[in-house]
A.B. asks: 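Supplied in structure tokens, the structure appears directly below.
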Amino acid sequence: MAGLGGGPAAFGRCTHAVVRALPESLCRQALRSAAGPEVDFARAEREHQLYVGVLRGKLGLQVLELPADESLPDCVFVEDAAVVCEETALLTRPGAPSRRKEVEAMKRALESLNLNIVEMVDENATLDGGDVLFTGREFFVGLSRRTNQRGAEILADTFKDYAVSTVPVHDALHLKSFCSMAGPNLIAIGSSEAAQKALKTMQQMSDHRYDKLTVPDDAAANCIYLNIPSKGHVLLHRAPEEYPESAKVFEKLKDHMLIPIANTELEKVDGALTCCSVLINKSSEL
């Protein structure tokens, strides 16, 4: 989830989602931070279809599904290509050069939604949407292997209504590899030293005091919070069969509609739940 908008009261509201089909090239050619088992493409596709089905069928979002591009093995991870807040979309400049053409299809999709498009053209800037945490009040931007200071500055210039703070990211691909928003004022955070250090930085940077939900597994701290009319607080989180102890923590959120979603295969290539959609709240009819 690259970002929603409307301030704290409207946090999590969403009408549209942009997703992208998996290319078969993902199995052998997708970027990955560590060697490991090969992706089972058929299973990855089933998991992704269930994810998209929840957004479209269970939550009633308008889903724009872009076709796979075999020349772009990582293209399913649409979050990295754009940061959307309210009616403005910042097209990023992904940190991995092999991923920069992914932005082209995203641009067409967001133009079709009549969003205000801002393009990141500075060749010194890099920004992955996976490093951008929007809380409804402010942005935290991870400075990682994929996102640099100049990228964060352009994001701050684009979304001038919100404070933007940078957070060093160590021992993880992205900021949201170990955290996300689990509610309007609630940060889900992993238990690792890197995650806890980043949380401390965010707490020091912010004028606001957030509640925190600490889960044992960093990967499980990446979840998707939505505020859907008629359904209320909704949380998509990793399935109990993947992270049983973390799932027990989410089950304490009695006010949320909890929807477990497996992401076993895409996790092998550093994919998380937020990676696979750009969520948009259109305030007016198209």
Side-chain angles (χ1 to χ4, degrees), residues 1-2 4 12 14-32 36-82 84 99 102 104-106 108-110 112-113 129-130 174 176-177 180 217 219-226 228 230-231 234-244 246-247 250 256-282:
M1 179 172 65
L4 303 170
C14 182
T15 56
H16 292 72
V18 180
V19 300
R20 195 162 191 178
L22 282 72
E24 291 186 38
S25 58
L26 175 138
C27 296
R28 295 184 180 275
Q29 296 172 32
L31 301 171
R32 57 196 300 168
E38 189 172 314
V39 174
D40 179 331
F41 183 74
R43 185 177 177 186
E45 215 169 28
R46 285 196 302 274
E47 289 179 347
H48 188 63
Q49 286 166 357
L50 285 169
Y51 174 95
V52 175
V54 165
L55 297 177
R56 179 185 281 128
K58 199 158 193 168
L59 302 181
L61 303 185
Q62 296 289 317
V63 176
L64 285 71
E65 186 160 11
L66 307 178
D69 185 332
E70 292 298 334
S71 72
L72 299 171
D74 296 279
C75 66
V76 66
F77 302 127
V78 290
E79 173 181 54
D80 290 324
V84 180
R99 299 195 59 193
E102 294 174 28
E104 295 170 7
M106 179 59 67
R108 292 191 293 272
L110 297 177
S112 75
L113 293 174
H174 288 134
K176 285 193 287 194
S177 297
S180 61
D217 308 286
N222 181 284
C223 54
I224 297 176
Y225 168 77
L226 295 167
I228 304 290
S230 80
K231 299 186 189 300
V234 178
L235 194 72
L236 281 58
H237 66 88
R238 296 296 292 273
E241 60 267 26
E242 297 177 300
Y243 293 108
S246 291
F250 287 119
H256 290 51
M257 175 196 283
L258 299 173
I259 304 176
I261 296 188
N263 189 50
T264 304
E265 295 306 311
L266 291 183
E267 186 179 349
K268 294 175 181 176
V269 286
D270 303 319
L273 292 181
T274 65
C275 296
C276 296
S277 58
V278 173
L279 301 175
I280 299 152
N281 188 38
K282 285 292 294 179

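Index from 1, following the sequence. These values consider heavy atoms only, across backbone and side chains, with no hydrogens, waters or symmetry-generated copies.
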A.B. asks: Roughly how far apart are H237 NE2 and H256 NE2, rounded to 0.5 Å?
C.D. replies: 10.0 Å
A.B. asks: Counting distance only, does the side-chain N/O of K268 pair as donor-acceptor with the main-chain N or O of E38 below 3.5 Å?
C.D. replies: yes
A.B. asks: Whether E47 and R43 form a salt bridge (side-chain N of Lys/Arg under 4.0 Å from carboxylate O of Asp/Glu) is what I want to check.
C.D. replies: yes
A.B. asks: Side chains of R99 and L31: does their closest heavy-atom pair fall under 4.5 Å?
C.D. replies: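 Heavy-atom side-chain distance check passes, below 4.5 Å.
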A.B. asks: So how far is it from D69 CG to C75 SG, rounded to the nearest 0.5 Å?
C.D. replies: 6.0 Å
A.B. asks: Please find the pair of heavy atoms, one from D80 and one from G130, that lie closest to each other, and give the distance.
C.D. replies: OD1-N, 2.8 Å
A.B. asks: Answer yes or no: is there a donor N or O on one side and an acceptor on the other, between the side chain of S25 and the main chain of L72, under 3.5 Å?
C.D. replies: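 No: the side chain of S25 does not pair with the backbone of L72.
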A.B. asks: Distance check, rounded to the nearest 0.5 Å: I259 atom CD1 versus L235 atom CG?
C.D. replies: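 Between atom CD1 of I259 and atom CG of L235 there are 8.5 Å.
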A.B. asks: Could you report the tightest heavy-atom contact between N222 and L273, atom names first, then the distance?
C.D. replies: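 N222 and L273 have their closest heavy atoms at OD1-N, 3.1 Å.
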A.B. asks: Would you find a donor on one side and an acceptor on the other, under 3.5 Å apart, between the side chain of E45 and the backbone of L22?
C.D. replies: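 Flag not set: sc E45 to bb L22 has no pair under 3.5 Å.
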A.B. asks: If I take atom CG from residue L279 and atom SG from residue C14, how far apart are they, to the nearest 0.5 angstrom?
C.D. replies: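 Rounded to the nearest 0.5 Å, the CG-SG separation comes to 4.5 Å.
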A.B. asks: Without swapping roles, check the side chain of K231 against the backbone of L59 for a donor-acceptor pair under 3.5 Å.
C.D. replies: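 Not confirmed, K231 side chain does not pair with L59 backbone.
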A.B. asks: Looking at CG of D270 and SG of C275, how far apart are the two atoms once the value is rounded to the nearest 0.5 Å?
C.D. replies: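 With rounding to 0.5 Å, CG (D270) is 8.5 Å from SG (C275).
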A.B. asks: For V39 versus C27, what's the shortest heavy-atom pair and its separation?
C.D. replies: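 Nearest pair, atom of V39 first, then C27: O-SG, 3.6 Å.
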A.B. asks: Can you name the nearest heavy-atom pair linking A221 to S180, along with the distance?
C.D. replies: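 For A221 and S180, the tightest heavy-atom pair comes out as O-OG, 2.6 Å.
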A.B. asks: Got a donor-acceptor contact below 3.5 angstrom from the E70 side chain to the E24 backbone?
C.D. replies: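 Yes; at least one donor-acceptor contact below 3.5 Å.
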A.B. asks: With a 3.5 Å distance limit and no angle check, can you tell me whether Y51 reaches the backbone of I261 through a side-chain donor-acceptor pair?
C.D. replies: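 Checked: no pair found.
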A.B. asks: Out of curiosity, I280 CD1 to L64 CG, how far, rounded to the nearest 0.5 Å?
C.D. replies: 7.0 Å
A.B. asks: If I compare all heavy atoms of V278 with all of A82, which pair ends up nearest, and what's the gap?
C.D. replies: CG2-O, 4.5 Å
A.B. asks: Passes side-chain contact (heavy atoms from CB on, under 4.5 Å), Q62 versus K282? Steps please.
C.D. replies: CA-CA 10 Å; Q62 296 289 317; K282 285 292 294 179; over 6 Å; no
A.B. asks: Between R20 (side chain only) and P67 (backbone N and O only), is there a donor and an acceptor less than 3.5 Å apart?
C.D. replies: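 Yes: the side chain of R20 pairs with the backbone of P67.
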A.B. asks: Of the non-hydrogen atoms in N263 and G271, which two are nearest, and what is the gap between them?
C.D. replies: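 For N263 versus G271, the nearest heavy atoms are ND2-O, 2.9 Å.
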A.B. asks: Indicate yes or no for a side-chain donor-acceptor contact from E265 to the backbone of D40 under 3.5 Å, with no hydrogens or angles considered.
C.D. replies: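 Yes.
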A.B. asks: Just by distance, do the side chain of S277 and the backbone of V19 share a donor-acceptor pair under 3.5 Å?
C.D. replies: no
A.B. asks: Go through the steps to decide whether D74 and V269 satisfy the test side-chain contact (heavy atoms from CB on, under 4.5 Å), and finish with yes or no.
C.D. replies: CA-CA 9 Å; D74 296 279; V269 286; 5.5 Å; no
